[in-house]
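This one's a predicted model, so the numbers in the text were calculated from it and none came from an experiment.
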Amino acid sequence: MRVITGIARGRRLSTPEGLDVRPTTDKVKEAVFSAVQFELEGAVVLDLFAGSGQMGIEALSRGASRAVFVDNSARSIKCITDNLRETKLISQAEIISRDSFDYIRLTASSFDIIILDPPYNCGHIDRVLPLASQKLNAGGSIICEYESGAQAPEAPDGLVVRKTYKYGKINVTIYRKPDDDEEE
């Protein structure tokens with residue numbers, strides 16, 4: 001696993017040991033970031049259920065100004081911290097050891113891009129997406145990764161489905177919150 005492009009291009013990233021973390025493949029990561037490439041410059045990103053932190057790190061490498069990484073696993077928090085140090089992006093990051101649902105429900109922060117990649121087959125996307133939509137800035141995007149065969153989560157009020165991608169065992173749906181001057 002590596003950073004694909006940007007200022008940390010080519011840096012190798014580590015992954016926490018165990019079966020509870022499922023890193024996004026480079027192919028899927030490249031497609032996702034190609035879809036939001038024009039939204040990244042200066043963006044504030046939330047990487048919820050962060051795992052290794054690779055998605056938020058990729059966003060920082062490509063020009064995001066700040067990223068918040070949230071995970072409740074001590075192994076993941078250590079891995080995220082190590083990966084941010086390795087890529088020299090730690091000064092642009094906030095790492096939070098907390099339950100992702102508690103964080104998104106209680107934070108007063110808002111974000112330009114929110115990345116949701118929770119454990120599969122748990123129904124987490126359906127529960128967290130409406131909460132995340134309330135923390136998304138106008139013109140922002142939510143990237144949801146979920147298992148193939150699952151139905152794409154319905155867009156909560158205020159969001160529109162921009163695109164759904166299918167990659168073998170992985171589906172990704174990108175939701176957008178239109179700017180005030182855009183029509184839904």
Would you give the length of the straight line joining atom CD of E145 to atom CD1 of I174, rounded to the nearest 0.5 angstrom?
11.0 Å
Is D71 close to S97 at the side-chain level, that is, under 4.5 Å between some pair of heavy atoms?
no
For I143 and L116, what are the C-alpha separation, side-chain angles and deciding distance, and is it a side chain to side chain contact (heavy atoms under 4.5 Å, CB included)?
CA-CA 6 Å; I143 300 162; L116 305 177; over 6 Å; no
Hey, could you give me each pair passing ring-ring contact (aromatic ring centres under 6.0 Å, His included) that has a residue in residues 51-88? Not counting sequence neighbours.
none
Using 0.5 Å steps for rounding, measure from the OG atom of S100 to the CZ atom of R98.
10.0 Å
Counting C-beta onward and ignoring hydrogens, is there a side-chain heavy-atom pair between T87 and L13 closer than 4.5 Å?
yes
Any donor-acceptor pair under 3.5 Å linking the side chain of D82 with the backbone of S14?
no
State, to 0.1 Å, how close A59 and L40 come at their nearest heavy-atom pair, and which atoms those are.
CB-CD2, 3.9 Å
Mind checking the CD1-CE spacing from I115 to M55? Nearest 0.5 Å is all I need.
5.0 Å
Pairs in or reaching into residues 79-100: which pass ring-ring contact (aromatic ring centres under 6.0 Å, His included), with residues at least two apart or in two chains?
none
Taking side-chain contact (heavy atoms from CB on, under 4.5 Å) as the test, write out the residues that go with N72, two or more places apart.
D99
Could you check whether any side-chain heavy atom of K88 comes within less than 4.5 Å of a side-chain heavy atom of R11, counting everything from C-beta outward?
yes
Within the structure provided, determine whether M1 and I4 are in side-chain contact (heavy-atom separation under 4.5 Å).
no
Does E30, at its CD atom, have more than 12 non-hydrogen atoms belonging to other residues, nucleotides or ligands within less than 6.0 Å?
yes
Table please: side-chain donor-acceptor pairs of residues 131-142 below 3.5 Å, with sequence neighbours left out.
| residue | atom | partner | partner atom | Å |
| --- | --- | --- | --- | --- |
| S133 | OG | P130 | O | 2.7 |
| K135 | NZ | T107 | O | 2.6 |
| N137 | OD1 | S110 | OG | 2.7 |
| N137 | ND2 | F111 | O | 3.3 |
| N137 | ND2 | D112 | OD1 | 3.0 |
| S141 | OG | E39 | OE1 | 2.7 |
| S141 | OG | E39 | OE2 | 3.3 |
| S141 | OG | R162 | NH1 | 3.4 |

Which heavy atom of A8 sits nearest to which heavy atom of S61, and what is that distance?
N-OG, 2.9 Å
Who passes side-chain contact (heavy atoms from CB on, under 4.5 Å) against T173, sequence neighbours left out?
Y146, A152, V161, T164, Y175
Report the distance from atom CD1 of I114 to atom CG of L48, rounding to the nearest 0.5 Å.
8.0 Å
What residues form a salt bridge (charged side-chain N to carboxylate O under 4.0 Å, His left out) with K169, not counting sequence neighbours?
none
Of all residues at least two apart in sequence or in a different chain, which pass the side-chain contact (heavy atoms from CB on, under 4.5 Å) check with E94?
R66, V68, I96
Are the side chain of S65 and the backbone N or O of A43 linked by a donor-acceptor pair below 3.5 Å?
yes
Nearest heavy atoms of L84 and A93, plus distance in Å:
CD1-CB, 3.5 Å
If the condition is side-chain contact (heavy atoms from CB on, under 4.5 Å), which residues does E147 pass it with, not counting sequence neighbours?
Y120, N121, A150
Grab the two heavy atoms, one from P178 and one from G158, that are nearest each other, plus how far apart they are.
CD-O, 3.5 Å
Hey, does I113 have a side-chain heavy atom less than 4.5 Å from the side chain of L46?
no
Pairs in or reaching into residues 42-61: which pass salt bridge (Lys or Arg N to Asp or Glu O under 4.0 Å), with residues at least two apart or in two chains?
K29-E58, E58-R62
Step-by-step side chain to side chain contact (heavy atoms under 4.5 Å, CB included) determination, E154 to D157:
CA-CA 9 Å; E154 283 197 34; D157 287 343; over 6 Å; no
Do I170 and V172 have side-chain heavy atoms sitting under 4.5 Å apart?
yes
Residues passing the side chain to side chain donor-acceptor pair (under 3.5 Å) test with T81, sequence neighbours excluded, are none
If you look only at pairs with a residue in residues 30-56, which of them pass as a ring-ring contact (aromatic ring centres under 6.0 Å, His included), with sequence neighbours excluded?
F49-F101, F49-H124
Non-neighbouring partners of R9 that pass salt bridge (charged side-chain N to carboxylate O under 4.0 Å, His left out), sequence neighbours left out
none
To the nearest 0.5 Å, what is the distance between CG on D117 and CD on Q54?
8.5 Å
Looking at every non-hydrogen atom in both residues, tell me the closest pair between A155 and L159 and how far apart they are.
CB-O, 3.5 Å
Considering all heavy atoms of both residues, which atom of C144 and which atom of I125 are nearest to each other, and what is their separation?
CB-CD1, 4.0 Å
Output the distance between atom OH (Y165) and atom NZ (K27), rounded to the nearest 0.5 Å.
13.5 Å
